[in-house]
Protein chains: 2
Amino acid sequence: MSCHLTSNFKQIMPEHSFDGFDRKILDALQTDARLSNVELAERIGLSPSPCLRRVKLLEERGVIEGYQARLDRDAIGLGLTVFVDVKVERHSESSAETFKAAVLSLPEVISAHLVSGAADFLLQVVVPDLKAYERFLTQVLLKIPGISDIRSNFAIQTLKQQGALPLGHLR
Amino acid sequence: MSCHLTSNFKQIMPEHSFDGFDRKILDALQTDARLSNVELAERIGLSPSPCLRRVKLLEERGVIEGYQARLDRDAIGLGLTVFVDVKVERHSESSAETFKAAVLSLPEVISAHLVSGAADFLLQVVVPDLKAYERFLTQVLLKIPGISDIRSNFAIQTLKQQGALPLGHLR
DNA sequence: CGTTAAGTGGCATGACATGCCAAAAGAATC
DNA sequence: GATTCTTTTGGCATGTCATGCCACTTAACG
């Protein structure tokens, strides 16, 4: 049981230590992850050596999970974003688990959360068009067992997309 | 009116041309945006020169919008993610516009969409904890004029977060 | 076939990442 | 408050990489 201490450590003790340099690094890399180390160092007011050391540490600590290119969905032919509310059947214990496993394997689902409120799960699904969504819904989603209800909310306009996380609360 | 042609061009003619190399580049940079050009080139089976040229082209075309570090929300003390359904008042024409402008300026709102369905807008809000959300809700969101209803759905568990966009439909 | 256009590969140079060590800054102890 | 210990920084050296240029290959078209 004591082994759970380490796995819960992150929740118990969220920020090990973040000084102003770390916060600036995170802020800069959220905006442009391809900054060279020397430019990043200049921007945060530190020389390249310690700057790089800090970045590596943040990566090792898991604070930085990875780096990803942000693509224009329309440009690559993924014009339709749908937010799907999913309810699973209350009875079967394993409904939620099988649903989670299924969802994780679907590339069209780019985010998935267990949520409070009317629905159980909230999925963000990305497909080329309505026809593709129809196919996804009828041939993929609806075939997952244990689903009691699905509600599709189509994104008509995107105001903001995966904006940078606010870092103002750190100091 | 003809000037609208260019602004609509992307929707009319989504993918200008994507061969296998481009798709592999986008795929690789979605997974690891900090890949060096030589490693990227090796991975996609091309020499560094044309590989870099393709990446720059994809950036200029706007296919690649940017690069960003993915941070661990818990690690930086942002333990609470809330999906907020917002309805604006039907009467005032400008309700939606003022709401959009307000939302764009809020760093806690990391994504915002105009959606079909029961709500008008779907926001993703990130805050340290419940107390911070209470403050955000009462002192920020509820003070935006023209809002008729707000429903907060708390993320209890995150199965997948901003996963890579599926590129399988390109050829 | 010859011509042209587009894309590729290799090379050279300048910039950069990265590991090491001495110096500086800060914390703790007496 | 001086000393010691710890931590972090800055500079340097080396090997790797980005980047622009040019010759070569390939494919399409007349």
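Every chain is numbered from 1 and lettered A, B, ... according to where its sequence line falls, protein lines coming before strand lines. Scope of the values below: all heavy atoms of this structure, side chains included, with no hydrogens, waters or symmetry mates.
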How is the hydrophobic cluster of B:Phe83 composed, in terms of its other members, when Ile, Leu, Val, Met, Phe, Trp and Tyr link through side-chain heavy atoms under 4.5 Å apart, directly or indirectly?
A:Phe83, A:Val115, A:Leu122, B:Val115, B:Leu122

Whole-Å gap separating [atom2] ([N]) and [atom1] ([X]):
X       : N     : atom1 : atom2 : result
A:Leu46 : D:dT7 : CG    : C1'   : 14 Å
B:Asp19 : C:dG7 : CG    : C1'   : 10 Å
B:Leu58 : C:dG7 : CG    : P     : 12 Å
B:Phe21 : C:dA6 : CZ    : C1'   : 14 Å

Please enumerate all residues that pass side chain to side chain contact (heavy atoms under 4.5 Å, CB included) together with [X], with sequence neighbours excluded.
X        : value
A:Lys100 : A:Glu97, A:Phe121, B:Gln157, B:Leu159
A:Pro50  : A:Leu46, A:Ser47, A:Arg53
A:Thr158 : A:Gln161, B:His113

Report the residues that fulfil salt bridge (Lys or Arg N to Asp or Glu O under 4.0 Å) with B:Arg73, sequence neighbours left out, ordered by chain and then residue number.
none

What pairs meet the salt bridge (Lys or Arg N to Asp or Glu O under 4.0 Å) rule with one or both residues in residues 108-121 of chain B, with sequence neighbours excluded?
B:Arg90-B:Asp120

Between the CG atom in B:Leu29 and the CG atom in B:Leu26, the distance rounded to the nearest 0.5 Å is 7.0 Å

Excluding sequence neighbours, so at least two apart, what forms side chain to side chain donor-acceptor pair (under 3.5 Å) with B:Gln68?
A:Gln162

Quick test: give all pairs of protein nitrogen or oxygen and nucleotides 22-25 of chain D nitrogen or oxygen below 3.5 Å, distance rounded to 0.1 Å.
none

Could you write out each protein N or O paired with an N or O of nucleotides 17-19 of chain D at a distance under 3.5 Å?
from	atom 1	to	atom 2	distance (Å)
D:dA18	OP1	B:Asn37	N	2.4
D:dA18	OP2	B:Asn37	N	3.4
D:dA18	OP2	B:Val38	N	3.2

